[in-house]
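The figures here come from the full heavy-atom set of this structure, side chains too, leaving out hydrogens, waters and symmetry mates.
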Amino acid sequence: MHSGSEDENVPCATFGTLLCDPYPYDEVCIMISGRVALIDLDGNRREFSSGEAFFVPQSFRGTWETVEPSKKFFVALPGSRS
């Protein structure tokens, strides 16, 4: 049983970008605060902010951009690579 604080299980990020080629796993995200954007290799951009949930497939190729300092709950679902 874990006895640490709630915040230990909530990743935090400040400004920046991360190239995902491909994303390492399927991930379900629920934004607690802040704003992030996913930009695919074709330049399509989707932004997500506090209160929104989204899914990032393991096949995603593009950039994860932290637009504002952010916190999220997430579930990573490792899968097989083809």
Side-chain angles (χ1 to χ4, degrees):
M1 181 173 275
H2 180 68
S3 61
S5 74
E6 236 175 69
D7 287 341
E8 289 178 12
N9 297 319
V10 179
C12 301
T14 56
F15 299 98
T17 59
L18 173 66
L19 178 61
C20 306
D21 192 20
Y23 206 68
Y25 38 73
D26 289 333
E27 183 175 315
V28 177
C29 299
I30 302 169
M31 295 298 297
I32 299 168
S33 65
R35 187 164 44 116
V36 300
L38 295 178
I39 304 112
D40 67 22
L41 294 179
D42 293 326
N44 299 306
R45 179 185 183 95
R46 296 203 50 208
E47 290 197 12
F48 304 95
S49 58
S50 181
E52 293 186 295
F54 58 100
F55 176 75
V56 184
Q58 186 175 22
S59 60
F60 174 74
R61 285 178 155 68
T63 301
W64 177 294
E65 178 183 352
T66 302
V67 180
E68 298 174 357
S70 301
K71 289 184 180 182
K72 67 177 182 175
F73 284 121
F74 74 98
V75 176
L77 307 165
S80 61
R81 295 231 187 254
S82 305

Partners passing ring-ring contact (aromatic ring centres under 6.0 Å, His included) against Phe60 (at least two apart in sequence or in another chain): none
Side chain to side chain, Ser70 and Met31, heavy atoms closer than 4.5 Å: yes
same_hphob_cluster(Tyr25, Leu18) at 4.5 Å side-chain heavy-atom cutoff: yes
Residue list, side-chain contact (heavy atoms from CB on, under 4.5 Å) with Thr17, at least two apart or on another chain: Thr63, Glu65
Pairing residues for Arg46 by the salt bridge (charged side-chain N to carboxylate O under 4.0 Å, His left out) criterion, not counting sequence neighbours: none
Close side-chain approach of Ser59 and Tyr23, heavy atoms under 4.5 Å: no
Selection residues 27-36 - residue pairs positive for salt bridge (Lys or Arg N to Asp or Glu O under 4.0 Å), sequence neighbours left out: Glu27-Lys72, Arg35-Glu47, Arg35-Glu68
Distance, nearest 0.5 Å, that separates SG of Cys29 from CZ of Phe48: 8.5 Å
Check: Ser50 main-chain N/O paired with Ser33 side-chain donor or acceptor under 3.5 Å: no
Where Ala53 and Ile30 come nearest, the two heavy atoms and their spacing: CB-CG1, 4.0 Å
Validation row: Asp26, Phe55 side chains within 4.5 angstrom (heavy atoms): yes
Within-4.5 Å side-chain heavy-atom neighbours: Trp64 and Val56: yes
Glu52: partners by salt bridge (charged side-chain N to carboxylate O under 4.0 Å, His left out), with sequence neighbours left out: none
Nearest-0.5 Å distance, CG of residue Leu41 to CG of residue Asn44: 10.0 Å
Phe54 and Leu38: CA distance, side-chain angles, deciding distance, side chain to side chain contact (heavy atoms under 4.5 Å, CB included) verdict: CA-CA 11 Å; Phe54 58 100; Leu38 295 178; 4.1 Å; yes
Partner set under salt bridge (charged side-chain N to carboxylate O under 4.0 Å, His left out) for Asp21, not counting sequence neighbours: Arg61
